[in-house]
Amino acid sequence: GFLKRKGAFFFTFNNVGIKLLEDGENLWEKYNVPVFSMLVDHPRNFEDALLEPIRRLHLICPDRKHTEYAKEFYPGLSSVSFMPHGGTPASDASLPYEKRPIDLLYTGSCQPEIANRPVVTVFRDGGADFFEQTIQLLFSEPSLTTEEAIRIYIQATAYSITPGDPLLRQLNEKVAGYIEAVVRRFYKQAFLRMLDRAGIRAEVYGSGWEASDYTFGENIRFHPWTTSEECNALAGQAKLLLNFLPWFKDGCSERVFNNMLGGGVCLTDESPYLRERFTDGKELVFFSLNNLPQAVADISWLLAHPKDASHIAERGFFTARDADTWGCRFHTLCAMAKAVIYPESGE
């Protein structure tokens with residue numbers, strides 16, 4: 001009965017439930033219900049549902065580059081929109097800054113070391129040069145997305161491509177994750193090693209940090225992976241909260257807002273979207289993957305100037321509370337749904 005009402009719509013994350021059936025027919029198509037699916041990662045990881053989508057599937061991406069990708073390679077979607085993830089306030093975000101026991105907190109795993117690269121048969125050498133060149137391109141210009149690096153390599157070779165070329169889509173689906181894993185591991189390892197050598201104490205919750213060529217000292221304390229609820233509680237105990245965007249180059253994941261709502265200072269690598277939203281040193285602190293030593297120096301300064309840091313933390317908390325919780329995102333979602341269900345309203 002609910003699904004027969006005109007105002008009904010279905011919202012989900014990562015396409016969960018979009019293939020439900022009733023009497024052998026897709027449930028949402030049967031009742032002509034619009035479906036809004038918010039991804040938590042790159043669209044290439046969900047190709048099975050996006051290449052030949054159900055009717056009235058509206059995709060929501062947390063990065064503007066992701067929306068460009070989805071529009072190019074999945075033209076069957078009813079719409080593609082941008083909306084960043086929302087944040088959840090820490091269970092004890094009210095703990096005063098100066099009483100927080102954790103100097104620097106990072107809740108996240110490190111990408112594992114890659115022992116063997118995939119073989120890409122479209123290249124004569126199995127992709128050896130392709131992998132080397134695209135990885136080096138991201139090292140030299142970390143503002144590029146992986147799909148942009150792949151496109152640059154293909155265009156520089158003898159291959160002729162057009163927008164939406166299946167070769168590009170297939171390469172991104174099969175090997176982009178491998179390329180990102182190599183690059184993301186390098187930057188995370190490099191940053192924590194610099195913190196270690198600078199004598200900055202950090203609490204790290206996650207797996208994959210072991211390395212054959214480096215043993216971290218006592219400044220970096222590793223803990224097992226833990227739940228999002230526990231990470232949320234830990235956020236309320238930290239003065240500084242570190243974030244690495246998951247190679248989102250024009251958007252944001254929820255950890256930025258979780259960190260801001262934790263009541264400490266959020267430190268994150270930058271994206272154009274975040275630069276539009278926030279001012280460095282006002283609501284949060286940006287760092288550049290191109291200049292990690294400066295990021296370490298900024299952390300040292302923040303720890304040595306707790307009063308200034310506490311002001312940044314306070315401004316960040318209230319800014320995120322007013323505009324970047326999941327409650328705020330719910331209102332945006334309802335506006336999206338209303339525009340689809342009642343287009344005659346003009347809203």
Side-chain angles (χ1 to χ4, degrees), residues 90 92-93 95-113 139 142 182-226 230-246 255-256 258-260 262-270 274 278 280-317:
D92 190 16
L95 186 66
Y97 182 89
E98 64 277 5
K99 293 184 178 180
R100 293 175 171 238
I102 300 174
D103 283 345
L104 178 64
L105 173 70
Y106 178 64
T107 54
S109 295
C110 187
Q111 282 60 42
E113 290 187 272
F139 281 146
V182 173
V183 177
R184 293 175 66 190
R185 178 177 175 82
F186 170 83
Y187 282 115
K188 288 184 179 182
Q189 287 271 332
F191 200 172
L192 260 65
R193 293 177 186 191
M194 290 182 189
L195 292 174
D196 188 18
R197 291 163 182 159
I200 295 173
R201 295 183 62 84
E203 305 292 334
V204 180
Y205 287 78
S207 60
W209 290 99
E210 302 81 5
S212 58
D213 60 340
Y214 188 86
T215 301
F216 287 93
E218 62 181 12
N219 293 310
I220 311 297
R221 296 176 50 179
F222 293 103
H223 308 270
W225 178 93
T226 188
E230 180 62 22
C231 290
N232 177 269
L234 289 165
Q237 303 291 312
K239 297 182 178 74
L240 310 180
L241 300 106
L242 180 62
N243 174 68
F244 293 94
L245 293 173
R255 187 177 286 123
V256 169
N258 285 348
N259 287 356
M260 295 171 75
V265 178
C266 174
L267 302 112
T268 182
D269 49 331
E270 55 195 344
L274 288 174
F278 306 113
D280 185 26
K282 184 178 180 181
E283 303 95 350
L284 47 65
V285 174
F286 289 117
F287 64 84
S288 171
L289 295 176
N290 278 326
N291 194 356
L292 295 182
Q294 180 59 55
V296 174
D298 290 342
I299 290 172
S300 296
W301 187 92
L302 288 165
L303 291 173
H305 296 81
K307 185 175 181 179
D308 297 276
S310 67
H311 291 160
I312 299 172
E314 183 178 24
R315 287 190 293 265
F317 173 83

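Remember, predicted model here, so these are calculated numbers, not experimental data. All heavy atoms count here, side chains included; hydrogens, waters and symmetry mates do not. FYI, the numbering just counts along the sequence from 1.
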Can you name the salt bridge (Lys or Arg N to Asp or Glu O under 4.0 Å) partners of Arg221, sequence neighbours left out?
Glu203
Run the side-chain contact (heavy atoms from CB on, under 4.5 Å) test against Pro101 and tell me which residues pass, sequence neighbours left out.
Leu95, Gln237
With sequence neighbours left out, the residues meeting side-chain contact (heavy atoms from CB on, under 4.5 Å) with Asn258 are Thr88, Glu254
Kindly indicate whether the side chain of [X], heavy atoms from C-beta on, has any atom under 4.5 Å from the side chain of [Y].
X      : Y      : answer
Trp225 : Tyr205 : no
Tyr187 : Gln111 : no
Leu195 : Tyr106 : no
Phe139 : Phe186 : yes
Leu267 : Leu104 : yes
Leu105 : Thr107 : yes
Cys266 : Val256 : yes
Tyr97  : Lys239 : yes

With a 6.0 Å cut-off (strictly less than), is the heavy-atom count around CD of Glu98, excluding the residue itself, greater than 12?
yes
Is a side-chain donor-acceptor pair under 3.5 Å present for Tyr214 with Asp196?
yes
Provide the closest heavy-atom pair for [X] versus [Y] in the form atom of the first, atom of the second, distance.
X      : Y      : result
Gly108 : Trp209 : O-NE1, 3.2 Å
Glu270 : Ser288 : OE2-CB, 3.9 Å
Leu274 : Asp269 : CD1-O, 4.0 Å
Gly236 : Ala90  : N-CB, 3.7 Å
Met194 : Pro293 : SD-N, 3.8 Å
Arg193 : Ala211 : NH2-CB, 3.5 Å

Are the side chain of Ser109 and the backbone N or O of Ser207 linked by a donor-acceptor pair below 3.5 Å?
yes
Taking only Lys NZ, Arg NE, NH1 and NH2, and the carboxylate oxygens of Asp or Glu, determine whether Asp103 and Arg201 approach each other closer than 4.0 Å.
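No, Asp103 and Arg201 are not salt-bridged.
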Should Val204 and Leu192 be marked as a side-chain contact (heavy atoms from CB on, under 4.5 Å) after you check the CA-CA gap, both sets of side-chain angles, and the distance that decides it?
CA-CA 10 Å; Val204 180; Leu192 260 65; 3.7 Å; yes
Take Phe222 and Glu210 through the side-chain contact (heavy atoms from CB on, under 4.5 Å) test and state the conclusion after the steps.
CA-CA 10 Å; Phe222 293 103; Glu210 302 81 5; over 6 Å; no
Pairs of donor and acceptor atoms involving the side chains of residues 298-306, under 3.5 Å and at least two apart or interchain, shall be tabulated with distances.
| unit_1 | atom_1 | unit_2 | atom_2 | d |
| --- | --- | --- | --- | --- |
| Asp298 | OD1 | Gln294 | NE2 | 2.8 |
| Ser300 | OG | Val296 | O | 3.2 |
| Trp301 | NE1 | His305 | ND1 | 3.4 |
| His305 | ND1 | Trp301 | O | 2.8 |

Just distance, no hydrogens or angles: give the donor-acceptor pairs under 3.5 Å from side chains in residues 280-287, sequence neighbours left out.
| unit_1 | atom_1 | unit_2 | atom_2 | d |
| --- | --- | --- | --- | --- |
| Asp280 | OD1 | Phe286 | N | 2.9 |
| Glu283 | OE1 | Thr279 | N | 2.8 |

Is there any side chain to side chain donor-acceptor pair (under 3.5 Å) pair reaching into residues 307-316, and which pairs are they, with sequence neighbours excluded?
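Qualifying pairs, neighbours excluded: none.
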